[in-house]
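Just below is one structure, and these are the notes that go with it.
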Amino acid sequence: MQPLQIQNSLTRKKEIFKALNSPHVGMYVCGPTVYSNVHLGNVRTFLSFDIIYRYLEFIGYQVRYVRNITDVGHLVGDADEGEDKIGKMARLQKLEPMEIVQKYTNDFHDVMRVFNILPPSIEPTATGHIIEQISAIEKILDNGYGYEVNGNVYFSVRKFSEDYSYGELSGRKIDELMSNSRALDGQSEKRDPIDFALWKKADETHLMRWPSPWGVGFPGWHLECSVMSTKYLGDRFDIHGGGMDLKFPHHECEIAQNVAANKTENPITYWIHGNMLTVNGRKMAKSEGNGFTPDELITGNHKLLERGYTPMTVRFFMMMGHYASTLDFSNDALIAAEKGLSKLTNAIEALERLEGTPETNPSVDVSALSQRCYDAMNDDFNTPILIATLFEGVKWINSAADGRFNLGTEQITDLKTLYSGFMKDVLGLESEGSESSNRGVEGSDDIASNLLDLLVELRSDAKENKDYAGADRIRNTLSDMGISIQDGKEGSSWSHE
Ligand code: AMP
Ligand code: ZN
């Protein structure tokens with residue numbers, strides 16, 4: 001069996017996974033900032049880590065999964081200036097900030113449930129850890145990597161980089177950062193423009209405020225994740241995840257804070273970054289106006305949608321892309337996902353009804369198929385290849401259901417274990433009732449070919465978005481399966497090698 005390998009964003013290499021304290025695994029994922037309804041892009045990131053969480057547990061690890069709620073400190077503009085996102089919404093809606101937090105935390109939880117995304121083991125909030133954040137700042141100051149100016153405390157990137165390296169995760173060079181970042185208005189009290197806030201002084205209008213050794217204020221955005229991850233997972237832990245857009249500055253600053261506070265080098269072994277859900281090649285975002293909510297997707301009530309799709313169809317659609325590649329939303333892709341999912345669901349239902357024969361069918365090797373399912377997931381959680389592999393067994397099941405083929409009783413039992421394990425436990429696909437499972441009418445060959453068409457399309461999208469690593473991954477993995485992609489004037493196509 002292939003060992004589990006993870007593409008580590010920190011080292012930019014695919015590495016064999018070794019837990020610090022096996023069978024325990026500590027995993028931290030940056031959660032939502034609860035100032036608005038989650039959109040489908042956010043869902044993609046949490047779904048990607050849901051699959052990673054599920055698979056680690058499936059292969060026997062005991063995962064302590066910490067996913068936070070950001071309820072203070074995340075400022076409009078994602079840097080050190082501007083209003084707090086939650087404070088601003090509270091002002092606009094004339095509500096208490098904690099009413100905003102509660103309202104959108106509830107929405108977030110509802111959405112997670114709809115998409116069958118498992119709750120984390122611990123879901124800490126930033127406002128619940130102000131004391132810990134203050135003591136982390138004190139440690140950073142004691143160690144000489146921070147300074148206070150006028151009730152604000154900043155992290156000194158220059159001082160830190162004299163002793164440790166800064167910029168490794170995002171691949172940014174400290175000299176370039178120093179020369180490229182210009183001093184912004186209101187940031188002049190920073191010694192260097194790339195320094196970032198650990199604590200901010202609250203002016204009279206600022207709603208969320210706490211007393212501290214530096215006066216009344218609130219914590220910097222990056223600090224909460226440093227503090228809550230190490231509090232629950234230790235100074236060194238296994239996996240840290242989040243969306244690609246958080247790599248810099250958020251995650252880079254997190255690493256620097258952890259090292260500066262605890263003097264632990266390499267505090268996190270594996271960094272995993274999920275790629276973005278895009279619409280016509282642009283990142284889905286609230287500010288772009290292209291972010292529809294899960295509700296709109298299910299009802300079909302949005303200008304980008306031809307009709308509604310069930311939550312499991314959306315889940316399946318998202319898993320047809322690899323978490324590290326961009327995934328472009330389209331009605332066609334959702335329709336293909338809907339057909340593919342119903343074909344799989346129908347086959348699993350047929351499998352339940354199958355009666356086996358005493359003799360096994362020598363042309364069917366369930367354990368080899370199962371092995372390839374594990375291999376797909378062990379190769380950096382490659383869900384598209386897992387799905388393509390699951391379709392291979394569908395051919396056997398459908399042939400047996402049509403009476404064209406026999407399957408031994410034991411083979412049927414093994415197939416049931418395989419499909420319930422990978423479909424339910426790993427991919428988290430729950431049955432949605434008869435309506436969705438009655439739709440599939442095409443043969444599994446048609447489905448496989450639709451899926452291949454879709455993969456080729458996803459590769460072209462990846463290339464268009466300059467995600468060459470993602471495009472190559474699709475080409476190479478298909479090539480390993482004996483399928484080659486040809487690029488021509490009319491577009492790309494696939495064929496068996
Ligand atoms: P936020 O609430 O803005 O902090 O975002 C919560 C999570 O959703 C973060 O991990 C983001 O990286 C992620 N995210 C935001 N937009 C997208 C998108 N279009 N596709 C995938 N993930 C996203
Ligand atoms: Zn974070």
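- Between the side chain of S48 and the backbone N or O of R44, at least one donor-acceptor pair lies under 3.5 Å.
- Between the side chains of D235 and T230, not a single donor N or O lies within less than 3.5 Å of an accepting N or O.
- Side-chain contact annotation: S484 with Q486, donor-acceptor N/O pair under 3.5 Å present.
- The environment of CZ in R64 is sparse: at most 12 heavy-atom neighbours from other residues, nucleotides or ligands sit within 6.0 Å.
- Between D295 atom CG and N37 atom CG the span is 8.5 Å, to the nearest 0.5 Å.
- Between the side chain of N262 and the main chain of T264, no donor-acceptor pair closer than 3.5 Å is present.
- Using a cutoff of 4.0 Å between basic side-chain nitrogens and carboxylate oxygens, D375 and R372 are not scored as salt-bridged.
- Distance check: T105 OG1 to H109 NE2 gives 6.5 Å after rounding to the nearest 0.5 Å.
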### Message
Set out, in order, the CA-CA distance, both residues' side-chain angles and the distance that settles ring pair (Phe, Tyr, Trp, His ring centres under 6.0 Å) for F115 and F46, then state yes or no.
### Response
CA-CA 10 Å; F115 288 101; F46 299 120; over 10 Å; no

### Task
May I have the step-by-step check of side chain to side chain donor-acceptor pair (under 3.5 Å) for N68 and E224, ending in yes or no?
CA-CA 9 Å; N68 70 305; E224 54 164 299; 2.7 Å; yes

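- The backbone N or O of L454 lies less than 3.5 Å from no partner atom in the side chain of R459, so there is not a single donor-acceptor pair.
- Side-chain N/O atoms of S170 and E252 include a donor and acceptor closer than 3.5 Å.
- Few gaps surround CD on E352; more than 12 heavy atoms of other groups in view lie less than 6.0 Å from it.
- At distances below 3.5 Å, at least one donor-acceptor pair connects side-chain atoms of T417 with backbone N or O atoms of T413.
- Remark: R67 fails to qualify as a cation-pi partner of F49 under the 6.0 Å distance and 45° angle criteria applied to the six-membered ring.
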### Task
For the pair Y35 and Y104, evaluate ring pair (Phe, Tyr, Trp, His ring centres under 6.0 Å) and give the outcome as yes or no after the intermediate values.
CA-CA 6 Å; Y35 72 104; Y104 294 112; 7.7 Å; no

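- K103 has no carboxylate O lying under 4.0 Å from a charged side-chain N of D107, or vice versa, which leaves the two without a salt bridge.
- In the model, H273 has no side-chain atom that pairs as donor or acceptor with a side-chain atom of Q7 under 3.5 Å.
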### Message
One pair to check against salt bridge (charged side-chain N to carboxylate O under 4.0 Å, His left out): K14 and D379. What are the steps and the verdict?
### Response
CA-CA 9 Å; K14 209 183 264 185; D379 183 14; 2.5 Å; yes

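- Not one N or O on the side chain of Y28 forms a donor-acceptor pair closer than 3.5 Å with the backbone of S226.
- A side-chain donor from one of S165 and E168 sits under 3.5 Å from a side-chain acceptor of the other.
- Between the NZ atom in K343 and the CG atom in L341 there is a gap of 12.5 Å [rounded to 0.5 Å].
- Note that the OH atom of Y309 and the CG atom of N331 stand 3.5 Å from one another [nearest 0.5 Å].
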#### Entry: Intermediate values then yes/no, salt bridge (charged side-chain N to carboxylate O under 4.0 Å, His left out), K283 and D245
CA-CA 10 Å; K283 176 186 166 186; D245 54 342; 2.8 Å; yes

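- Between atom CE of residue M284 and atom OG1 of residue T326 there is a gap of 13.0 Å, rounded to the nearest 0.5 Å.
- The backbone N or O of L407 lies less than 3.5 Å from no partner atom in the side chain of N361, so there is not a single donor-acceptor pair.
- Shortest non-hydrogen contact noted between L169 and K247 is CD2-O, 3.9 Å.
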### Message
One pair to check against salt bridge (charged side-chain N to carboxylate O under 4.0 Å, His left out): D467 and K463. What are the steps and the verdict?
### Response
CA-CA 5 Å; D467 174 19; K463 272 173 57 184; over 6 Å; no

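- Within a 6.0 Å radius of NZ in K424, other residues, nucleotides and ligands contribute 12 heavy atoms or fewer.
- Using cut-offs of 30° and 60° for the angle between ring planes, the H74 and W221 rings count as parallel.
- In this structure a side-chain-to-backbone donor-acceptor pair under 3.5 Å is missing from R282 to E288.
- Summarising the geometry of N290 relative to A285, their closest heavy-atom pair is OD1-N, 3.0 Å, with the distance given to 0.1 Å.
- In terms of heavy-atom proximity, F58 sits nearest to F422 at CE2-CZ, 3.9 Å.
- Residues S330 and D332 bring no donor and acceptor atom of their side chains to less than 3.5 Å of each other.
- The two residues P311 and I298 have their closest heavy-atom pair at CG-CD1, 3.8 Å.
- Proximity of a side-chain donor or acceptor of S121 to a complementary backbone N or O of Y65 within less than 3.5 Å is detected.
- Under a 3.5 Å cut-off, the side chain of Y419 and the backbone N or O of L390 do form a donor-acceptor pair.
- Closest approach of M312 and G428 over heavy atoms only: SD-O, 3.9 Å.
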#### Entry: Audit row: Y53, Y61, ring pair (Phe, Tyr, Trp, His ring centres under 6.0 Å) steps and yes/no
CA-CA 9 Å; Y53 175 38; Y61 289 109; over 10 Å; no

### Task
Output, in order, the C-alpha distance, side-chain angles, deciding distance and verdict of side-chain contact (heavy atoms from CB on, under 4.5 Å) for F237 and I239.
CA-CA 6 Å; F237 62 93; I239 299 175; 6.0 Å; no

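- To the nearest 0.5 Å, the span separating OG on S161 from NZ on K173 amounts to 13.0 Å.
- The closest side-chain donor-acceptor pair between T278 and D328 falls under 3.5 angstrom.
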### Query
What do the steps show when you test D238 against T269 for side chain to side chain donor-acceptor pair (under 3.5 Å), and what is the final call?
CA-CA 5 Å; D238 300 295; T269 325; 4.6 Å; no

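- Ring centroid separation for the pair H222 and F196 comes in under the 6.0 Å cut-off.
- Checked by atom type, the side-chain pair Q371/S367 shows no donor-acceptor distance below 3.5 Å.
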### Test log, rule salt bridge (charged side-chain N to carboxylate O under 4.0 Å, His left out), inputs E296 and K303
CA-CA 10 Å; E296 289 166 335; K303 62 180 187 311; over 6 Å; no

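- Side chains of S342 and T345: no donor on one and acceptor on the other come within 3.5 Å.
- Ring geometry for W271 versus H251: interplanar angle of 30 to 60°, hence tilted.
- Y55 and D425 form no side-chain donor-acceptor contact under 3.5 Å, judged by distance and modelled atom types alone.
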### Message
Using side chain to side chain donor-acceptor pair (under 3.5 Å), reason through E15 and T11 one step at a time and then give a plain yes or no.
### Response
CA-CA 9 Å; E15 295 171 349; T11 58; 2.7 Å; yes

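- Cation-pi geometry between R172 and F248 is satisfied (NZ or CZ under 6.0 Å from the ring centre, within 45° of the ring normal).
- A salt bridge links D487 with R475: the distance from a Lys NZ or Arg NE/NH1/NH2 to an Asp or Glu carboxylate oxygen falls below 4.0 Å.
- Looking only at distances, a side-chain donor or acceptor of E57 sits under 3.5 Å from a matching main-chain atom of V63.
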### Task
Check step by step if ring pair (Phe, Tyr, Trp, His ring centres under 6.0 Å) holds for Y232 and H129.
CA-CA 12 Å; Y232 298 110; H129 295 76; 5.7 Å; yes

